[in-house]
Amino acid sequence: LYLSVDQEVILTVTERDAKAYRSTPKVLAQQALQKIQVAIAQYRQDRKPEQLLKNIIYTVIATFAFLIISFAVIKISGKLFPFIRRLIESLTPGIQIGNVEIISSSNISFFWLRVLRIIRLLVLFLLLFNYATFVLRLFPWTRVFGESILGYFYQSLELVLSSIGQYLPNAFIIAIIIFITYYLIGLIKPFFTAIERGNLVIPGFYTDWAKPTYNILLVIIIAIAAIVAFPYLPGFDSPAFRGVSVFLGLLLSLGSTSAIANVIGGIILIYTRAFRIGDHIQVGEVIGDLIEKNFLVIRICTPTNKIITIPNSSLLSSNVINFSISSRELNRNLIIQTTITLGYDLPWRKAHKTLIEAALETVHILKEPAPFVLQTSLDNFYISYQLNAYTNQPNLMVIIYSELHQNIQDKCNEAGIEILSPSYTSLRDGNTTTIPENYLPSDYVAPPFRVQSSDNQENNTL
């Protein structure tokens, strides 16, 4: 049997076809004819002007309905969400360990508010999806596209739900790992916070060790949790995941040598307590206030407000001088020193007295303990006098030294002391002394210039 239109065969039904459908060729041909007639009738019906007009009306109605429902969802949720958040915040207590609040009730309510917003977004997306598929299926030209989108959506939803169902055991294990890690971190944080604040004292464990020790433990705990959780991640056994892991491992091994050296140096410096933020330190030729330290570098602000960054690995091979630690931990004030050289004709007691007076006139130099002078050497042409003075402001050393040197000049001039440092050879020829005029007496007369003949040993005065 066959079906034809204007003597053109469009369908042939054989005995084999009939057996496949467990029917007779005539019945099978009749069913095919009915389906073709229904499809032609539907095709003509969908393209009638009145049907297209009706579909347009349905589209307008659906559009208004979508907009009204979406606006209502946004408006009602916008008024309802703050009330729900306040209700959750008032009914849900925060999570505490002892007297330390780990998670506040406001954070819990904020989390649920985020969940509600995500649910609202999903609802709006479903409304938009159903509206789009409904409108596309109204018209014959877009009906196939609308039905295919709907089919793809349900297929994807089924695939996602089945994948989630298969992954639920692994997800449950990962959730347990995250839960244990989170609360383990929450348990150790109050402990180190109490040490940092001084509420908990452990002999031999200093307060400035608390924060870096907590950070190190935090990294270790998170790293262990990640290692344990990685085998349960989706696609862990895939070649792509392995390739990325090998690439990252190679990248870290090649580029992290100096970084690891800096981290080790930073840890050593922290636990040797070489300095802390705000200390006045010297590293090599760099002197200034320490403004930042971490596991990689330190930053020093010099007296000229230059910020110098020094890697921690460099500090291990350099001498670090800390001018602040003695007064903070040993209760000993810093001694600043400066040396001048004076001639043998000057009485040493007068030199000592003058230098001590200059120190006492300097701001930020302590009266007690009193400054003192040491004679550090007896050289061929002069004596070295070292002035030692106490200060509790090591961060102002530059200013203190400058003012101290000014006062030494003034006091020496007032006492009639010439500073001929480090060595000075003078052939007097009638010129006045090097002391400024305002310090000289009014009847001062320049000394004469004496000449002695080597032949007759006769002294002549000019």
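All values below were derived from every heavy atom in this structure, side-chain atoms included, with hydrogens, water molecules and symmetry-related copies excluded.
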Give the intermediate values and the outcome of side-chain contact (heavy atoms from CB on, under 4.5 Å) for residues Ile307 and Ile300. CA-CA 6 Å; Ile307 308 300; Ile300 298 175; over 6 Å; no
Apply side-chain contact (heavy atoms from CB on, under 4.5 Å) to Ile356 and Lys353, showing your working. CA-CA 5 Å; Ile356 291 173; Lys353 180 182 177 182; over 6 Å; no
Run Phe71 and Leu67 through side-chain contact (heavy atoms from CB on, under 4.5 Å) and show every step you take. CA-CA 6 Å; Phe71 179 78; Leu67 294 176; over 6 Å; no
Might you work through the side-chain contact (heavy atoms from CB on, under 4.5 Å) test for Ile222 and Ile185, ending with a clear yes or no? CA-CA 9 Å; Ile222 293 176; Ile185 294 172; 4.1 Å; yes
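If you take CD on Gln409 and CD1 on Ile340, they are separated by 10.0 Å, rounding to the nearest 0.5 Å. Rounding to the nearest 0.5 Å places CD1 of Ile118 at 10.0 Å from CG of Leu113. A distance of 5.5 Å separates CG in Leu124 from OG in Ser70, rounded to the nearest 0.5 Å. Atom-to-atom distance recorded for Glu414:CD and Asp410:CG is 6.5 Å, nearest 0.5 angstrom. In this structure, the separation between OH on Tyr183 and CG on Leu187 is 10.0 Å, given to the nearest 0.5 Å. Distance check: Tyr214 OH to Ile188 CD1 gives 6.0 Å after rounding to the nearest 0.5 Å.
Under the 3.5 Å distance criterion, the side-chain polar atoms of Thr391 are matched with a main-chain donor or acceptor of Gln393. Here the side chain of Ser324 pairs a donor or acceptor atom with the backbone of His280 at under 3.5 angstrom. Panel note: side chain Asn130, backbone Leu127; no donor-acceptor pair is recorded below 3.5 Å. The main-chain N or O of Val398 is never found under 3.5 Å from a side-chain atom of Ser402 such that the two would form a donor-acceptor pair. A donor-acceptor contact shorter than 3.5 Å is absent between the side chain of Gln375 and the backbone of Ser384. Side-chain atoms of Asp279 do not come within 3.5 Å of backbone N or O of Phe275 as any donor-acceptor pair. The main-chain N or O of Val320 is never found under 3.5 Å from a side-chain atom of Asn322 such that the two would form a donor-acceptor pair. Using a distance-only test at 3.5 Å, with no hydrogens or angles considered, a donor-acceptor pair links the side chain of Asn395 to the main chain of Gly278. Formation of a donor-acceptor pair under 3.5 Å by the Gln282 side chain with backbone atoms of Gly284 is found in this model.
Closest approach of Phe323 and Pro394 over heavy atoms only: O-CB, 3.5 Å. Scanning both residues, Arg276 and Leu290, for their nearest heavy atoms gives O-CD2, 3.3 Å. The two residues Ala225 and Ile177 come nearest to each other via the heavy atoms O-CG2, 3.8 Å. When all heavy atoms of Ile291 and Cys301 are compared, the pair lying nearest together is CG2-CB, 3.9 Å. Heavy-atom minimum distance, Tyr344 versus Phe381: CE1-C, 4.0 Å. Across all non-hydrogen atoms, the minimal contact from Pro371 to Ile365 is CG-CG2, 4.4 Å.
Residue pairs satisfying the salt bridge (Lys or Arg N to Asp or Glu O under 4.0 Å) criterion with at least one member in residues 283-300, sequence neighbours excluded, are listed as follows: Glu292-Arg299.
No side-chain heavy atom of Leu334 sits under 4.5 Å from any side-chain heavy atom of Asn392. By the 4.5 Å heavy-atom criterion applied to side chains, Ile417 and Leu346 are counted as neighbours. Side-chain contact between Ile281 and Ile321 is absent, with no heavy-atom pair separated by less than 4.5 Å. In this structure, the side chains of Arg120 and Phe81 come closer than 4.5 Å at one or more pairs of heavy atoms. Between Thr302 and Ile287, every side-chain heavy-atom pair lies at or beyond the 4.5 Å cut-off. You'll find the side chain of Ile310 reaches within 4.5 Å of the side chain of Ile308, heavy atoms only. In this structure the side chain of Lys306 reaches within 4.5 angstrom of the side chain of Thr304, judged on heavy atoms. The shortest distance between side-chain heavy atoms of Tyr385 and Leu355 falls below 4.5 Å.
Judged purely by distance below 3.5 Å, without hydrogens or angles, the side chains of Tyr131 and Thr63 pair a donor atom with an acceptor atom. Remark: the Thr362 side chain and the Asn407 side chain contain an N/O donor-acceptor pair separated by less than 3.5 Å.
Other residues, nucleotides and ligands contribute over 12 non-hydrogen atoms within 6.0 Å of the OH atom of Tyr401. Heavy atoms of other residues, nucleotides or ligands lying less than 6.0 angstrom from CZ of Arg332 number 12 at most.
Screening Leu374, Thr339, Val373, Thr354 for a side-chain contact (heavy atoms from CB on, under 4.5 Å) involving Leu387 leaves a single residue, Val373.
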